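Notes follow the structure.
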Amino acid sequence: QVQLVESGGGLVQAGGSLRLSCAASGRFFSVNAMNWYRQTPGKQRELVAADTGAGSTNLLDSVKGRFTMLRDSAKNTVYLQMNSLKPEDTAVYYCNAKIQTTRSPYSSSDYWGQGTQVTVSS
């Protein structure tokens, strides 16, 4: 069974840093795009960092210059380094990945992590 397991959330003061990790586990052929989303109560889930391929990342405007997404393909792991955190970054953060379970490209599906809470106090 394919799973995305997240870790690294927590409580931090404004201006602090956190690093989130997300690792794909189970049996699969390849992990393609890996992305980070976040969601606050009553709002839609928003894309924070998108893997656009070839090592490139698109970041949400409000986190540019503060967040960095890094991927370790050998470990099927993606990280979200969050610096200079602000109270408005408080949310549940979700890892998302397109994972191909067999050699057939038609076996590619979206998978989600369980979510990790990030709380930034002012």
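These numbers come from a predicted model, not from an experiment. Position 1 is the first residue of the sequence, and the numbers go up from there.
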- Message: Show, in sequence, the C-alpha distance, side-chain angles and deciding distance for Val2 and Arg27, and conclude whether the side-chain contact (heavy atoms from CB on, under 4.5 Å) test is met.
- Response: CA-CA 6 Å; Val2 177; Arg27 298 189 65 171; 5.9 Å; no
- Message: Applying side-chain hydrogen bond (donor to acceptor under 3.5 Å, both in side chains) to Glu88 and Thr90, what does each step give before you reach the verdict?
- Response: CA-CA 5 Å; Glu88 51 263 43; Thr90 296; over 6 Å; no
- Working to the nearest 0.5 Å, report the span between CD of Glu46 and OG of Ser62. 6.0 Å
- Nearest heavy-atom contact between Val78 and Cys95 is CG1-SG, 4.0 Å
- Query: Should Asn96 and Met34 be marked as a side-chain contact (heavy atoms from CB on, under 4.5 Å) after you check the CA-CA gap, both sets of side-chain angles, and the distance that decides it?
  - Reply: CA-CA 6 Å; Asn96 162 262; Met34 299 187 83; over 6 Å; no
- Rounded to the nearest 0.5 Å, what separation is found between the CG atom of Leu4 and the OG atom of Ser21? 12.5 Å
- Answer whether the closest heavy-atom distance between the side chains of Asn76 and Ile99 falls below 4.5 Å. no
- Message: We want to know whether Asn35 and Asp51 form a side-chain donor-acceptor pair, criterion being a heavy-atom distance below 3.5 angstrom.
- Response: no
- Item | Under 3.5 Å: donor-acceptor pair, side chain of Gln3, backbone of Val5 | no
- Heavy atoms, side chains only, cut-off 4.5 Å: are Gln39 and Gln44 in contact? no
- Item | From Glu6 atom CD to Tyr94 atom OH, the distance as rounded to the nearest 0.5 Å | 8.5 Å
- Message: Is there a path of hydrophobic side-chain contacts, each under 4.5 Å between heavy atoms of I/L/V/M/F/W/Y residues, joining Leu60 to Leu47?
- Response: no
- Aromatic ring proximity, centroids under 6.0 angstrom, Trp36 and Phe67: no
- Check whether any side-chain N or O of Ser107 sits under 3.5 Å from a backbone N or O of Thr101 as a donor-acceptor pair, and report yes or no. yes
- Query: Does any donor atom in the side chain of Asn83 or Ser17 lie under 3.5 Å from an acceptor atom in the other side chain?
  - Reply: yes
- Is there a side-chain contact between Leu70 and Thr57, using heavy atoms and a 4.5 Å cut-off? no
- Would you say Tyr79 and Asp72 make side-chain contact, with heavy atoms under 4.5 Å? yes
- Query: Are Arg38 and Val92 side-chain neighbours, meaning at least one heavy-atom pair lies under 4.5 Å?
  - Reply: no
- Query: Hey, is Asp89 close enough to Lys86 for a salt bridge, meaning N to O under 4.0 Å?
  - Reply: no
- Heavy-atom closest pair (Leu59 atom, Ala49 atom, distance to 0.1 Å) is CD2-CB, 3.6 Å
- Give the minimum heavy-atom separation between Leu18 and Gly8, together with the two atoms involved. CD2-O, 3.9 Å
- Task: Give the minimum heavy-atom separation between Arg71 and Val31, together with the two atoms involved.
- Result: NH2-O, 2.7 Å
- Between the main-chain N or O of Ser84 and the side-chain N or O of Arg66, is there a donor-acceptor pair closer than 3.5 Å? yes
- Query: Looking at OG of Ser25 and NZ of Lys75, how far apart are the two atoms once the value is rounded to the nearest 0.5 Å?
  - Reply: 15.0 Å
- Query: Is Tyr93 close to Leu80 at the side-chain level, that is, under 4.5 Å between some pair of heavy atoms?
  - Reply: yes
- Task: Using only heavy-atom distances, determine whether the side chains of Gln114 and Thr116 contain a donor-acceptor pair under 3.5 Å.
- Result: no
- Task: Examine Val48 and Tyr37 and state if one hydrophobic cluster contains both, with Ile, Leu, Val, Met, Phe, Trp and Tyr joined whenever side-chain heavy atoms are less than 4.5 Å apart.
- Result: no
- Looking only at heavy atoms, what is the nearest atom pair of Pro87 and Ala14, with distance? CD-CB, 4.1 Å
- Nearest heavy-atom pair of Thr77 and Ala23: which atoms, and what distance? OG1-CB, 3.6 Å
- Note on the structure: In this structure, CG of Leu11 is separated from CD of Gln117 (nearest 0.5 Å) by 9.5 Å
- Query: So, do Thr119 and Val12 sit near enough that their side-chain heavy atoms are less than 4.5 Å apart?
  - Reply: no
- Item | Distance in Å, Arg45 CZ paired with Trp112 CH2, rounded so as to fall on 0.5 Å steps | 5.0 Å
- Message: Do Lys64 and Asn58 make a side-chain contact, defined as non-hydrogen atoms from C-beta onward lying under 4.5 Å apart?
- Response: no
- Donor-acceptor contact present, side-chain Ser30 to main-chain Asn32, <3.5 Å: no
- Item | Expected output: side-chain Gln13 to main-chain Val120 donor-acceptor under 3.5 Å | no
